[in-house]
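Atoms within a ligand are numbered from 1 in the order they appear, just like the ligands themselves.
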Amino acid sequence: MPIEFLNLKQVNAPFENDIREAISRVIDSGWYILGEETLAFEREFAEYCGVDHCIGVANGLDALHLILRAYDIGDGDEVIVPSNTFIATWLAVSQAGARVVPVEPDDLTYNIDPQKIEAAITPRTRAIMPVHLYGQPADMSPIIETARRHGLRVIEDAAQAHGARYHGRRTGGLGDAAGFSFYPGKNLGALGDGGAITTNDAALAAKLRRLRNYGSEVKYHHDLAGANSRLDEMQSAVLRVKLRHLDAENAQRAVLAQAYANALASAPVQLPTVLKGTEPVWHLFVVQTPHRDGLRAFLNERGIGTLVHYPIANHLQLAYKHQTWPELPIASRLQSHVLSLPFATYLNMNDILDVAASVLDYFRPTDSAD
Ligand SMILES: *Cc1c(COP(=O)(O)O)cnc(C)c1O
């Protein structure tokens, strides 16, 4: 039986009836933008993350970008980001008009290395934007400590880490503000685009509510040159259904991740390393091997779908070619060594064992003594 990397219909199948009911409720309401569903979702997601405020926006990129704008971070400013992340982290900074300053990750946790941040700080630095990559919280305490010492904002990119915990506290409430994505493949995924900002900063939240809606609090009164970036009622209603199951799904992910770790213990691949004091939510299960391309082709032959997150490091993308970058050897190496194995809540233990067995088969020495 082939095992796809991810099948979104199967992801949503357990909630199909509730989702249809939620969508019908929105259709019947006759109110499609900034209504009761979005207000309710914002309240529920804020409570889930343990923060005072949640602002629904159109997608994860906008969430990060609007936080920067709300803090007046732009032209002439620098923002420290991980060299190893989805390009949206970088684009949020670039779109705000600020300069991306990449810092290398720890190559076992994949997250920004707090020890390397200090050296990247200049008088123009305004913020650090750690990413909780693949669902594992970045090492926030030393990051926040460095930021406080230099008077910098800490903006979490929590797009892959809904519900993850760092020393008991949920992502989304660890820094000054956080951006989430509800892209369909994320742990909390909508049936389209969606995003949210979480924060305990009341003034920031109030400004963001205007920024996402044409800079307006009172209809047709525009105090800011805002954006049109709203989470719509339909997606909010869907997300409310799925949020109720997020903890159970994240727990199921942890079981599957442990099963992969056990089954692959003897495989010559680098398994994910969990930082002490964190509870990852396993958005992806990523292994490292210099034989990545061969392994990937072998698994594909056997009907096992894999993906690479990410195949081209951001500083090597055409979009960022016009700038000169420092040597980024870890990001440059990871792009050709990382492989994301099939990972989804609908997979069962046998699926995981099948994939793991195929990984082991690939590395099994062929018997040349006939
Ligand atoms: C998905 C993602 C984003 C962007 O989210 P969109 O909703 O696709 O705009 C940002 N950062 C990271 C790390 C992501 O994985």
Check against salt bridge (charged side-chain N to carboxylate O under 4.0 Å, His left out), K242 and E249: CA-CA 10 Å; K242 293 186 69 179; E249 294 213 298; 5.6 Å; no
Is the distance from the ring center of Y134 to that of F86 below 6.0 Å? no
State whether Y48 and R170 meet the cation-pi test: NZ (Lys) or CZ (Arg) under 6.0 Å from the six-membered ring centroid, and within 45° of the perpendicular axis. yes
Considering only NZ, NE, NH1 and NH2 on the basic side and carboxylate oxygens on the acidic side, decide whether R209 and E217 come within less than 4.0 Å. no
Provide, line by line, the atom pairs where ligand 1 and the protein bring an N/O atom each to a distance under 3.5 Å; else say none.
unit_1	atom_1	unit_2	atom_2	d
ligand 1	5 (O)	S181	OG	3.2
ligand 1	7 (O)	G60	N	2.8
ligand 1	7 (O)	S181	OG	2.6
ligand 1	9 (O)	G60	N	3.2
ligand 1	9 (O)	L61	N	2.9
ligand 1	11 (N)	D157	OD1	3.2
ligand 1	11 (N)	D157	OD2	2.7
ligand 1	15 (O)	Q160	NE2	2.8
ligand 1	15 (O)	K186	NZ	3.1

Counting neighbours of CZ on R302 that are heavy atoms of other residues, nucleotides or ligands and sit closer than 6.0 Å, is the number greater than 12? yes
If hydrophobic residues (ILVMFWY) are linked whenever their side-chain heavy atoms come closer than 4.5 Å, directly or via other members, who joins Y183 in its cluster? none
